[in-house]
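Take a look at the structure set out below.
Per chain, numbering begins at 1; letters A, B, ... match sequence-line order.
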Number of protein chains: 2
Amino acid sequence: MDRANELLRGIGEKCTEQRKLILKALLELARPVSADELYMYLSGKGRIGRTTVYRTLELFEQKKLVKRIIFKDGIIRYESTHLGHHHHLICLSCGKVFSIKKCAISSLDGFIIEDTDFLVTEHFLEFYGFCEKCRGDRV
Amino acid sequence: MDRANELLRGIGEKCTEQRKLILKALLELARPVSADELYMYLSGKGRIGRTTVYRTLELFEQKKLVKRIIFKDGIIRYESTHLGHHHHLICLSCGKVFSIKKCAISSLDGFIIEDTDFLVTEHFLEFYGFCEKCRGDRV
DNA sequence: ATTTTGAATGAAACTAAATTTCATTTAGAT
DNA sequence: ATCTAAATGAAATTTAGTTTCATTCAAAAT
């Protein structure tokens, strides 16, 4: 993977086998994944330890390659920033995570400082409910 | 506290000393608190164990007396539902949590099902940034 | 191409939040 | 006042995440 090499050089960090694996997986998966989930996913694909996964995700977050997200279950997940700003729909039944690109909230960030003197630097919006498949008769 | 007695009877649950203490504390504190934080807070005020705090908050959540919230730090917090639907401003510097009552998002819940067939039952919106005191020169 | 060196890695130990177990206590019905 | 199922709490356990430290490796220097 040369793309990974490029990206890592770009942020002034060493290009190791493990970092390439993690970067590739995050782009492949294209959804929020926990360190442990990623570790399981990668265990077959190469030599990699749990610690490295945790540490690398932390590094990637600092370097803005990934975004840290926490849903109601309290587990820390990471998602590639290449997917752009978006919000999530999390199915309470099957757990599947959907993305919505349109964000009507960004304009709020600006209003808030006028109203409250609180300077918003980022916001998180998650919707919980039931996806098409799990909806059943629910209205 | 008779109010607590009433509330607990209302949900068909036993009115124990511990449950009353927790209920009272949640109303007093009027902000999202973790089980451990609550445990510390209550330790002086009466005989109560960690386990009971955890279990009672879980019960209260099921009975809709409290709402479970998770911020970026991954710690599970609970907040009295008597405070009504609102969103949070969390200061990245001092950690203080502010509430905003106005919610422009609720109308979105309805749009989403039309767009995506996903039935939204609840949403969470948190803003991170810097409060008036911690803002300094930041724009 | 080989050497060098500081950074990266991973196994294992550790920490902290949350959960489970089980003997004891208690609320509230009888 | 007695009885019983539910609630409690101390301690053990689980789980996600972090720290430690000896070993390995990327890439800079030679």
Task: d(CG, Leu57(B); P, dT8(D)) in whole Å - done: 12 Å
- [ ] Let me know the distance between CG of Leu38(A) and P of dA16(D), rounded to the nearest Å.
- [x] 14 Å
- [ ] Identify whether NZ of Lys or CZ of Arg in Lys72(A) sits under 6.0 Å from the centre of the six-membered ring of Phe124(B) and within 45° of that ring's axis.
- [x] no
Task: Nearest-0.5 Å distance that lies between atom CZ in Arg77(A) and atom CG in Leu57(A) - done: 12.5 Å
Task: Glu61(A) versus Val66(A), closest heavy-atom pair with distance - done: N-CG2, 3.5 Å
TODO: Among Arg19(B), Lys20(B), Arg55(B), find the residue that satisfies the salt bridge (Lys or Arg N to Asp or Glu O under 4.0 Å) test when tested with Glu13(B).
DONE: Arg19(B)
Open item on the list: Minimum heavy-atom separation for Cys91(A) and Cys131(A), please, with both atom names.
Closed with: SG-N, 3.3 Å
TODO: Tell me which nucleotide among dT18(D), dA6(D), dT20(D) gets nearest to the side chain of Glu58(A).
DONE: dT18(D)
Open item on the list: By nearest heavy atom, map Thr56(A) and Ser34(B) onto DNA chain C; which one lands nearer the 5' end?
Closed with: Thr56(A)
Task: Of residues 61-71 of chain A, the positions that come close to DNA chain D - non-hydrogen atoms, cut-off under 4.0 Å - done: none
Task: Separation of dT23(D) C1' from Gln18(A) CD (nearest whole Å) - done: 13 Å
Task: Geometric class of the His123(B)/His85(B) ring pair [parallel <30°, tilted 30-60°, perpendicular >60°] - done: perpendicular
TODO: Grab the CZ-P distance between Arg9(B) and dA6(D) for me, whole Å please.
DONE: 16 Å
TODO: Report yes if a side-chain nitrogen or oxygen of Arg50(B) is closer than 4.0 Å to either non-bridging phosphate oxygen (OP1 or OP2) of dA11(D); otherwise report no.
DONE: no
Open item on the list: So, taking the atom named CD1 in Ile22(B) and the one named OG1 in Thr56(B), what distance separates them when rounded to the nearest 0.5 Å?
Closed with: 4.0 Å
Task: Integer-rounded Å distance: dA10(D) C1' and Ile48(B) CD1 - done: 14 Å
Open item on the list: Rounded to whole Å, please give me the gap between NZ in Lys14(B) and P in dT4(D).
Closed with: 13 Å
Open item on the list: Can you confirm whether Phe118(B) sits close enough to Phe98(A) that some side-chain heavy atom of one is under 4.5 Å from a side-chain heavy atom of the other?
Closed with: yes
Open item on the list: Whether Arg55(A) contacts dT18(D) is assessed here as follows: a side-chain N or O lying under 4.0 Å from the phosphate OP1 or OP2. Is that the case?
Closed with: no
Open item on the list: Side-chain N or O of Arg47(B) versus OP1/OP2 of dA10(D): is the shortest distance under 4.0 Å?
Closed with: yes
TODO: Calculate the interatomic distance between Leu59(B) atom CG and dA7(D) atom P; express it in whole Å.
DONE: 8 Å
TODO: Would you indicate whether the side-chain heavy atoms of Cys94(A) and Lys133(A) approach each other to under 4.5 Å?
DONE: no
TODO: Answer yes or no: is there an ion pair linking Lys45(A) with Glu28(A), defined by an N-O contact shorter than 4.0 Å?
DONE: no
TODO: Taking heavy atoms of chain B and a 4.0 Å limit, find me the 5'-most and 3'-most nucleotide of DNA chain C within that range.
DONE: dA17(C) to dG28(C)
Task: Between C1' of dT14(D) and OH of Tyr54(B), the distance in whole Å - done: 13 Å
- [ ] For Thr16(B) and for Ile76(A), find the nucleotide of DNA chain D with the closest heavy atom, then tell me which residue's nucleotide is more 5'.
- [x] Thr16(B)
Open item on the list: Counting the atoms with a prime plus P, OP1 and OP2 as sugar-phosphate, which does Glu37(B) contact under 4.0 Å by heavy atoms, base, sugar-phosphate, or nothing?
Closed with: nothing
